[in-house]
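FYI, side chains are in, hydrogens and waters are out, and symmetry mates aren't considered; it's all heavy atoms of this structure. Letters go in sequence order (proteins before strands), and every chain restarts at 1. Quantities reported herein were computed from a predicted structural model and do not represent experimental measurements.
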2 protein chains.
Amino acid sequence: MAHREDSTSLLKQKGLTPTPHRVMVLGILGNSPSPLSPQEIFATLQRSHPMNRVTLYRILDMLVAHGLVERIQSGDRAFRYGLNAQSPHAEHPHFYCSHCGSIQCVHADSIHVQVEDIQKTFPGLIQRMEIRLDGICKNCLRNHKGKKAGNERAAQKP
Amino acid sequence: MAHREDSTSLLKQKGLTPTPHRVMVLGILGNSPSPLSPQEIFATLQRSHPMNRVTLYRILDMLVAHGLVERIQSGDRAFRYGLNAQSPHAEHPHFYCSHCGSIQCVHADSIHVQVEDIQKTFPGLIQRMEIRLDGICKNCLRNHKGKKAGNERAAQKP
DNA sequence: GACATAATGCAACTGAATTGCATAAAGGTC
DNA sequence: GACCTTTATGCAATTCAGTTGCATTATGTC
């Protein structure tokens, strides 16, 4: 996981000035096992290092633009941000729990989508791929065994 | 593609009363080669069969809930709706053009993601999968050859 | 035709993200 | 260090997509 020095040097590598805010945001993302929503990042920041919402969005945008951070879509309407996997094409799927909204990385060896193969016959330029699995996570399955699904519609209807 | 009678009978099959509005919406989706945003559906409707925004959203929700229509996420913040592929697990990827926002279905034989395999080791319940490719579509490549990408950021920044 | 149920419309609201502009911080030059 | 330019951050207001609550209209059944 990325410590403060790591975040700082990552930013410098990309020619970005390592302001405290940026270092913090990158650090939070580096310490999270799964991608986070701006809200979650914001909440974490509030405790120690409050910053304006807009600033957070702008920092995230910039990190994505410089390839340090990956932005993925979850089943709901908020994007999630996570440290970018270093190797391109080593993208992994994400699991979205439609009950609690949590996101998990899925390390699935069985998924080998050959973007190159598709590119051969596809007339547009493919730059990126995103795979998402929707369902109910382990915790929600355990906690709500026997209960009515209730919020399950969230997957489709955030 | 679905003609009016088809839409009507599809609705009846699901026990839904085939109101003019519903038949129209289902017809539009059936005649489109690619999934449409509510905005696009709305615009199409305006010409011949104006209806309230909310009604459209509610009809779409219902069609999704009854499995007639599939709701997918594009690279931007609007969902897209398309007739549901009849066979489950025959999901296909969608291509999102980050320049013009259009969506295309990709029929890629090379993509065989075995959800069952993932399910064996994944502790949650997987109910659905979505694969999306982001890039620049054929048209935008042609029209903007040599020009600066300009709006390309849309993929990440709708 | 009367009535209950379902469908639609309208207005106001929410949540996530964005824009425009003002202020504050960094960084370079003398 | 003072001055100035560039870059970051903050604040307020706005957009965009979708949702909620409630009134009104249509549909179907007896």
Side-chain angles (χ1 to χ4, degrees), chain A residues 7-8 11-12 14-26 35-43 45-46 49-66 68-69 71-81 96 98 101 103 151 153-158, chain B residues 7-8 11-12 14-26 35-43 45-46 49-66 68-69 71-81 96 98 101 103 151 153-158:
Chain A
S7 302
T8 303
L11 286 164
K12 282 184 184 166
K14 296 289 181 178
L16 303 169
T17 55
T19 68
H21 283 172
R22 293 174 181 176
V23 173
M24 278 301 293
V25 171
L26 203 47
L36 300 173
S37 67
Q39 304 294 343
E40 291 167 319
I41 301 168
F42 196 67
L45 282 166
Q46 281 310 82
H49 202 100
M51 84 174 63
N52 189 276
R53 244 161 25 91
V54 178
T55 305
L56 174 57
Y57 281 119
R58 283 196 277 235
I59 289 177
L60 289 172
D61 284 354
M62 193 192 37
L63 296 177
V64 170
H66 285 80
L68 287 174
V69 163
R71 161 146 109 168
I72 62 166
Q73 273 188 322
S74 57
D76 57 38
R77 285 174 59 206
F79 290 100
R80 310 291 149 112
Y81 297 84
Y96 171 74
S98 58
I103 295 268
N151 191 28
R153 190 156 151 280
Q156 299 297 328
K157 210 82 284 260
Chain B
S7 302
T8 304
L11 287 164
K12 282 184 184 169
K14 295 289 182 179
L16 303 169
T17 56
T19 68
H21 284 171
R22 292 174 180 175
V23 172
M24 278 301 294
V25 172
L26 204 47
L36 300 173
S37 68
Q39 304 294 345
E40 291 167 319
I41 302 169
F42 196 67
L45 282 167
Q46 281 311 79
H49 203 101
M51 82 174 66
N52 190 276
R53 244 167 25 97
V54 179
T55 304
L56 174 57
Y57 281 118
R58 283 197 278 236
I59 288 177
L60 290 171
D61 283 355
M62 192 190 38
L63 296 177
V64 170
H66 286 81
L68 287 174
V69 162
R71 161 148 109 166
I72 64 165
Q73 273 188 322
S74 57
D76 58 36
R77 285 173 58 207
F79 291 99
R80 309 292 150 113
Y81 298 84
Y96 172 73
S98 59
I103 295 268
N151 191 28
R153 192 157 150 279
Q156 298 300 328
K157 219 55 312 248

Asks: Can you measure F79(A) atom CZ to dC16(D) atom C1' for me and round it to whole angstrom units?
Replies: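 That distance rounds to 12 Å.
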
Asks: Are L11(B) and L63(B) packed together at the side-chain level, in the sense that at least one heavy-atom pair is separated by less than 4.5 angstrom?
Replies: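 Yes, at least one pair of side-chain atoms sits under 4.5 Å.
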
Asks: Check whether any side-chain N or O of R22(B) sits under 3.5 Å from a backbone N or O of I59(B) as a donor-acceptor pair, and report yes or no.
Replies: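 Judged by distance alone, no pair lies under 3.5 Å.
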
Asks: Can you say whether a donor on the side chain of R77(A) sits under 3.5 Å from an acceptor on the base of dA17(D), or the other way round?
Replies: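 Yes, a donor-acceptor pair under 3.5 Å.
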
Asks: Rounding to an integer number of Å, can you tell me how far H66(A) NE2 sits from dT7(D) C1'?
Replies: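 Distance check: H66(A) NE2 to dT7(D) C1' gives 13 Å.
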
Asks: Without swapping roles, check the side chain of Q73(A) against the backbone of R77(B) for a donor-acceptor pair under 3.5 Å.
Replies: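 No; judged by distance alone, with no hydrogens or angles, the pair does not exist.
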
Asks: If the cut-off is 4.0 Å, is Y57(A) near the phosphate of dA17(C), judged by side-chain N/O to OP1 or OP2?
Replies: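 For dA17(C), OP1/OP2 do have a side-chain N/O of Y57(A) under 4.0 Å.
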
Asks: For L60(B) and dA17(D), give me the distance from atom CG to atom P, rounded to whole Å.
Replies: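 That distance rounds to 14 Å.
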
Asks: Rounded to whole Å, please give me the gap between NE2 in H49(B) and P in dG9(C).
Replies: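 Value for this atom pair: 8 Å.
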
Asks: Given dG15(C), is OP1 or OP2 found less than 4.0 Å from the side-chain N or O atoms of Q39(A)?
Replies: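 Negative; the distance criterion is not met.
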
Asks: Which pairs, protein N/O on one side and nucleotides 8-11 of chain D N/O on the other, fall under 3.5 Å?
Replies:
residue : atom : partner : partner atom : Å
dA8(D)  : OP1  : R22(A)  : NH1          : 3.1
dA8(D)  : OP1  : R22(A)  : NH2          : 3.2
dA8(D)  : O5'  : R22(A)  : NH2          : 2.8
dT9(D)  : OP1  : T19(A)  : OG1          : 2.7
dG10(D) : OP2  : N52(A)  : N            : 3.0
dG10(D) : OP2  : T55(A)  : OG1          : 2.8
dG10(D) : N7   : R58(A)  : NH2          : 2.8
dG10(D) : O6   : R58(A)  : NH1          : 3.4
dG10(D) : O6   : R58(A)  : NH2          : 2.9

Asks: Just to verify, which of V69(A), T19(A), L60(A) counts as forming a side chain to side chain contact (heavy atoms under 4.5 Å, CB included) with V25(A)?
Replies: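 Result for side chain to side chain contact (heavy atoms under 4.5 Å, CB included) with V25(A): L60(A).
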
Asks: What is the separation between atom CZ on F42(B) and atom C1' on dA17(D), rounded to the nearest whole Å?
Replies: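 Distance check: F42(B) CZ to dA17(D) C1' gives 13 Å.
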
Asks: Under 3.5 Å, side chain of H49(B) to main-chain N/O of L45(B), donor-acceptor pair present?
Replies: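 Not at all, since once roles are kept as given, no pair shorter than 3.5 Å links the two residues.
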
Asks: Let me know the distance between NZ of K12(B) and C1' of dA6(C), rounded to the nearest Å.
Replies: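 Rounding to the nearest Å, NZ of K12(B) and C1' of dA6(C) are 17 Å apart.
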
Asks: Give a yes or no answer on whether the side chain of S74(A) reaches the backbone of A78(A) with a donor-acceptor pair at less than 3.5 Å.
Replies: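 The answer is yes, because a donor-acceptor pair under 3.5 Å joins these two groups.
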
Asks: Measure from CG on D76(A) to C1' on dA17(D) and round the result to the nearest Å.
Replies: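 Distance, rounded to whole Å: 13 Å.
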
